[in-house]
Each structure stands twice: as C-alpha cells, then as structure tokens.
Amino acid sequence: QVQLVESGGGLVQPGGSLRLSCAVSGIIFSSNAMGWYRQAPGKQRELVAAIASGGRTNYADSVKGRFTISRDNAKNTVYLQMNSLKPEDTAVYYCTTAGSIATMAFGSWGQGTQVTVSS
C-alpha cells in the first residue's frame with residue numbers, strides 16, 4: 001500500500017547540484033515524518049535529512065549547509081535539494097516515511113535513486 005517513488009538522481013560534477021523528489025501514496029502524507037537515507041557500497045546506511053509533519057528538520061553533519069529537505073503536502077511530495085556536491089555524496093538515496101523522525105529507521109523505504117558525483 002505504501003509507495004515511495006524517488007526521482008532526480010544522476011551523474012553530476014563536483015560542486016554541482018541535484019534535486020531529488022519523492023512522490024508518496026498510501027499514507028496520510030501530511031501526518032508523517034519524511035526522510036532521505038543514503039547508502040554507498042560497503043558502507044552503513046546514513047540518515048541524510050529528515051522533516052517532521054510540522055516542518056521541523058534535521059541534517060547529518062556531513063551535509064549540513066549543503067542539502068535542504070522540504071515537503072509539499074498538497075502534492076504529497078518530499079524533496080532533497082543537494083548543492084555543492086562532493087564525490088563522497090555518491091550513493092543510492094532512499095526516500096523514507098515514518099510516524100516520527102525518532103522512528104525513521106523503522107519506516108518504509110522507496111526503491112532508491114542513484115547519485116554519482118564525479119568529474
């Protein structure tokens with residue numbers, strides 16, 4: 001029932017920007033917290049950014065000041081604006097939904113979208 005469809009990934013040069021989108025269905029979107037995880041091969045999953053139903057946000061230290069998470073409740077969509085991209089940002093990015101940011105690790109995941117930062 002829960003469906004999370006990510007888009008917007010691709011290949012970008014260091015210093016460039018990408019905007020990821022996640023279209024959500026099967027939940028009351030406006031009541032849920034949303035987040036973006038990423039995972040690179042051989043590395044642990046990292047919660048990059050999260051946004052609560054009321055709009056409060058948090059970010060991993062590694063992306064603070066470069067990434068911005070936002071949501072449009074009218075469109076049931078969450079976004080991740082990624083600026084000043086670095087090679088270490090290369091990963092598969094997953095959209096996640098949960099009842100709260102505190103339970104984000106146990107929420108539902110999308111299929112992921114690949115982000116590759118390389119010259």
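All values derive from a computational prediction rather than experimental measurement. We're numbering straight along the sequence, starting at 1. Keep in mind that the numbers below use all heavy atoms, side chains included, and drop hydrogens, waters and symmetry copies.
When hydrophobic side chains of Ile, Leu, Val, Met, Phe, Trp and Tyr are connected at separations under 4.5 Å, I28 ends up as a singleton with no cluster partners.
Contact of the L20 side chain with the T113 side chain is registered, since non-hydrogen atoms from C-beta on lie closer than 4.5 Å. Looking only at side-chain heavy atoms (C-beta outward), S53 and S31 stay at 4.5 Å or farther from each other.
Contact detail for G107 and A98: the closest heavy-atom pair is CA-CB, 4.1 Å. Taking all atoms of both residues into account, the shortest heavy-atom contact from S100 to A33 is C-CB, 3.5 Å. W36 and Y93 make their closest contact through CE3-CB, 4.3 Å (heavy atoms, listed as atom of the first residue, atom of the second, distance). S17 approaches Q81 most closely through the heavy-atom pair CB-NE2, 4.0 Å. Between A49 and Y59, the shortest heavy-atom distance links the atoms CB-CD2, 3.6 Å. Of all non-hydrogen atoms in V115 and G9, the two that sit nearest each other are CG2-CA, 4.2 Å.
Judged by distance alone, the side chains of S62 and E46 do bring a donor and an acceptor atom under 3.5 Å apart. With hydrogens and angles left out, the side-chain atoms of N32 and T97 include a donor and acceptor closer than 3.5 Å. When only modelled atom types and interatomic distance are considered, Q111 and E6 share a side-chain donor-acceptor pair under 3.5 Å.
The one candidate from V63, V92, L47 that meets the side chain to side chain contact (heavy atoms under 4.5 Å, CB included) condition with R38 is V63. For the pairing with L85, the side chain to side chain contact (heavy atoms under 4.5 Å, CB included) check across T90, L18, T116 returns one residue only, L18.
With rounding to the nearest 0.5 Å, the separation of OG in S30 from CG in D72 is 11.5 Å. Here the CD1 atom belonging to I51 is positioned 10.0 Å from the CG atom belonging to N58, to the nearest 0.5 angstrom. Atoms OG1 and CE, from T96 and M104 in turn, are 6.5 Å apart once rounded to the nearest 0.5 Å. How far OH of Y79 is from SG of C95: 11.5 Å, rounded to the nearest 0.5 Å. Distance check, rounded to the nearest 0.5 Å: CG of N83 to OG1 of T68 gives 6.5 Å.
Judged by distance alone, the side chain of Y94 and the main-chain N or O of Q39 form no donor-acceptor pair under 3.5 Å.
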Original post:
Going through the distances and angles, do I69 and V78 end up as a side chain to side chain contact (heavy atoms under 4.5 Å, CB included)?
Top reply: CA-CA 7 Å; I69 188 170; V78 62; 3.9 Å; yes
**OP:** Check the pair F29 / M34 against side chain to side chain contact (heavy atoms under 4.5 Å, CB included), numbers first and verdict last.
**Re:** CA-CA 9 Å; F29 179 83; M34 301 296 303; 3.8 Å; yes
Original post:
Does the side chain to side chain contact (heavy atoms under 4.5 Å, CB included) test come out yes or no for F67 and L80, once each step is laid out?
Top reply: CA-CA 7 Å; F67 291 10; L80 185 67; 4.1 Å; yes
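Residue L11 is not grouped with residue V117 when hydrophobic side chains (ILVMFWY) are merged at heavy-atom distances under 4.5 angstrom, including chains of intermediate members.
In summary, K86 and D89 do not engage in a salt bridge, as defined by a charged side-chain N under 4.0 Å from a carboxylate O.
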